[in-house]
A.B. asks: 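Take this structure, written in structure tokens, and hold onto it; I'll ask about it next.
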There are 2 protein chains.
Amino acid sequence: MTEIEKTLEAHQVRPTAMRILIYKYMAEKEVAVALTDIESAFSKSDRSTLYRTLKTFEENGIAHQIDDGTGISKYALCESGCNCELDQDLHLHFHCSNCDETVCLTAHKIPHINLPYGYLAENANLVVKGICEKCSSE
Amino acid sequence: MTEIEKTLEAHQVRPTAMRILIYKYMAEKEVAVALTDIESAFSKSDRSTLYRTLKTFEENGIAHQIDDGTGISKYALCESGCNCELDQDLHLHFHCSNCDETVCLTAHKIPHINLPYGYLAENANLVVKGICEKCSSE
DNA sequence: AGAATAAATGCACTTCTGTTGCATTAAAAA
DNA sequence: TTTTTAATGCAACAGAAGTGCATTTATTCT
Ligand SMILES: [Mn+2]
Ligand SMILES: [Mn+2]
Ligand SMILES: [Zn+2]
Ligand SMILES: [Zn+2]
């Protein structure tokens with residue numbers, strides 16, 4: 001049993017062929033992926049299957065959804081030990097306006113925000129837009 | 001000439017009847033509005049007109065678009081003297097998971113974020129989700 | 001004012017993303 | 001092996017965003 005299979009099973013997700021492939025695909029990419037990316041990469045498979053795979057990953061804490069402001073949902077694998085569901089791994093995301101790629105900056109947590117009286121924070125999303133490392137060094 | 005007409009003209013936007021009505025509508029609401037909200041409020045007018053009005057407001061610095069993570073674009077009037085276009089009025093937004101309303105917290109600016117070497121920040125979006133003042137006091 | 005010009009509006013239609021119902025296939029349990 | 005459950009594929013639908021073009025309304029020019 002491979003590492004990936006173990007990871008999936010550890011999150012109560014059956015390690016089907018497709019799921020293993022998608023997990024591998026996401027692990028190899030260093031950027032967040034959209035459904036359309038996966039669609040192009042696995043054109044033989046149906047969009048709904050790929051869609052549901054991402055949702056399954058998300059619901060079981062294998063990946064987290066990223067709203068980078070482009071209007072297109074992206075997904076990235078969670079780091080081992082991350083607790084997205086519990087809103088505890090609130091790292092920020094960076095979206096490059098040049099290459100349109102989005103990355104997790106897992107080392108950069110969202111700072112605590114003081115809210116006006118009466119407001120109760122449960123979650124937060126911080127997206128910084130600009131030029132990514134790759135694009136700025138060209 | 002009313003205050004609203006003056007404001008519109010100051011931003012090089014012709015004060016048509018529809019635009020004045022929409023501006024008034026947005027000014028009276030204390031929360032960000034979606035296109036669908038305006039559609040319901042002005043059912044006699046066409047969606048594309050309302051859509052283009054919001055875009056015009058946005059392009060001319062009268063209103064700013066808000067991505068609150070719901071997947072539906074919201075808009076709010078800019079405060080006088082705000083410079084959204086220049087990415088200088090980076091206040092945060094609060095989205096209530098109970099009443100689904102989004103508000104500008106214009107007094108709460110987005111804190112400066114240190115990025116890894118090579119990353120160049122141009123803009124930022126911070127949305128805090130939770131329970132709003134109105135909902136928490138019920 | 002009246003003609004010419006430009007802008008705003010209304011209508012219809014398209015695209016894109018996300019989402020779901022249901023039949024079929026594959027896997028797991030009994 | 002039979003029964004049961006889960007995953008996949010197919011075919012739609014929904015909602016939001018966006019656009020081309022004709023028509024109406026407003027502005028400019030003579
Ligand atoms: Mn992330
Ligand atoms: Mn705002
Ligand atoms: Zn880039
Ligand atoms: Zn609320």
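Letters A, B, ... are given to chains in the order of the sequence lines, protein chains preceding strands, and every chain is numbered from 1. From a predicted model like this one, the values you see are computed outputs, not experimental measurements.
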A.B. asks: Base, sugar-phosphate, or nothing for Ser48(A), non-hydrogen atoms under 4.0 angstrom?
C.D. replies: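 The answer is base, as Ser48(A) lies within the cut-off (heavy atoms under 4.0 Å) of a base atom.
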
A.B. asks: Keeping the roles fixed (side chain from His95(A), backbone from Val127(A)), state whether a donor-acceptor pair exists under 3.5 Å.
C.D. replies: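 No; judged by distance alone, with no hydrogens or angles, the pair does not exist.
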
A.B. asks: Output the rounded distance in Å from CZ (Arg52(A)) to P (dC10(D)).
C.D. replies: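 Distance, rounded to whole Å: 12 Å.
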
A.B. asks: Between Glu39(A) (CD) and dC16(C) (P), how many Å, whole number?
C.D. replies: 12 Å

A.B. asks: Expressed as a whole number of angstroms, how long is the span from Gln12(A):CD to dA7(D):C1'?
C.D. replies: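 From Gln12(A) CD to dA7(D) C1': 17 Å.
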
A.B. asks: Has Tyr51(A) got a side-chain N or O lying under 4.0 Å from the OP1 or OP2 atom of dT19(C)?
C.D. replies: yes

A.B. asks: Just how far, in rounded Å, is P of dT9(C) from NZ of Lys44(B)?
C.D. replies: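 Nearest whole value for this atom pair: 14 Å.
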
A.B. asks: Could you give the CD1-to-P distance, from Ile72(B) to dC16(C), as a whole number of Å?
C.D. replies: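 Rounded to the whole Å, the gap is 20 Å.
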
A.B. asks: Please report, rounded to the nearest Å, how far the C1' atom of dA28(C) is from the CZ atom of Arg14(A).
C.D. replies: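 About 6 Å, once rounded to whole Å.
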
A.B. asks: Measure the spacing between CD1 of Ile20(A) and CD of Glu3(A) and express it to the nearest 0.5 Å.
C.D. replies: 12.0 Å

A.B. asks: Any salt bridge linking Lys134(A) with Glu101(A)? Criterion: basic side-chain nitrogen under 4.0 Å from a carboxylate oxygen.
C.D. replies: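 Yes, charged N to carboxylate O under 4.0 Å.
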
A.B. asks: Can you tell me the distance, in whole Å, between the CE atom of Met18(B) and the C1' atom of dA26(D)?
C.D. replies: 17 Å

A.B. asks: On DNA chain D, check which nucleotide each of Arg47(B) and Val13(A) is closest to and give me the residue with the more 5' one.
C.D. replies: Val13(A)

A.B. asks: At less than 4.0 Å, is any side-chain N or O atom of Lys55(B) found next to OP1 or OP2 of dA17(D)? Yes or no.
C.D. replies: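 For dA17(D), OP1/OP2 do not have a side-chain N/O of Lys55(B) under 4.0 Å.
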
A.B. asks: For dG9(D), does either OP1 or OP2 sit under 4.0 Å from a side-chain N or O belonging to Ser45(A)?
C.D. replies: yes

A.B. asks: With distance as the sole criterion, is a donor-acceptor pair present between the side chains of His108(A) and His93(A) under 3.5 Å?
C.D. replies: no

A.B. asks: Side-chain N or O of Thr49(B) versus OP1/OP2 of dG10(C): is the shortest distance under 4.0 Å?
C.D. replies: yes

A.B. asks: Output yes when at least one side-chain N/O atom of Thr16(B) is less than 4.0 Å from OP1 or OP2 of dA26(D), else no.
C.D. replies: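 No, Thr16(B) has no side-chain N/O under 4.0 Å of OP1/OP2 on dA26(D).
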
A.B. asks: Whole Å only: how far is the CG atom of Asp46(B) from the P atom of dT25(D)?
C.D. replies: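 About 15 Å, once rounded to whole Å.
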
A.B. asks: May I ask you to say whether Lys6(B) pairs ionically with Glu9(B), meaning some side-chain N is under 4.0 Å from a carboxylate O?
C.D. replies: no

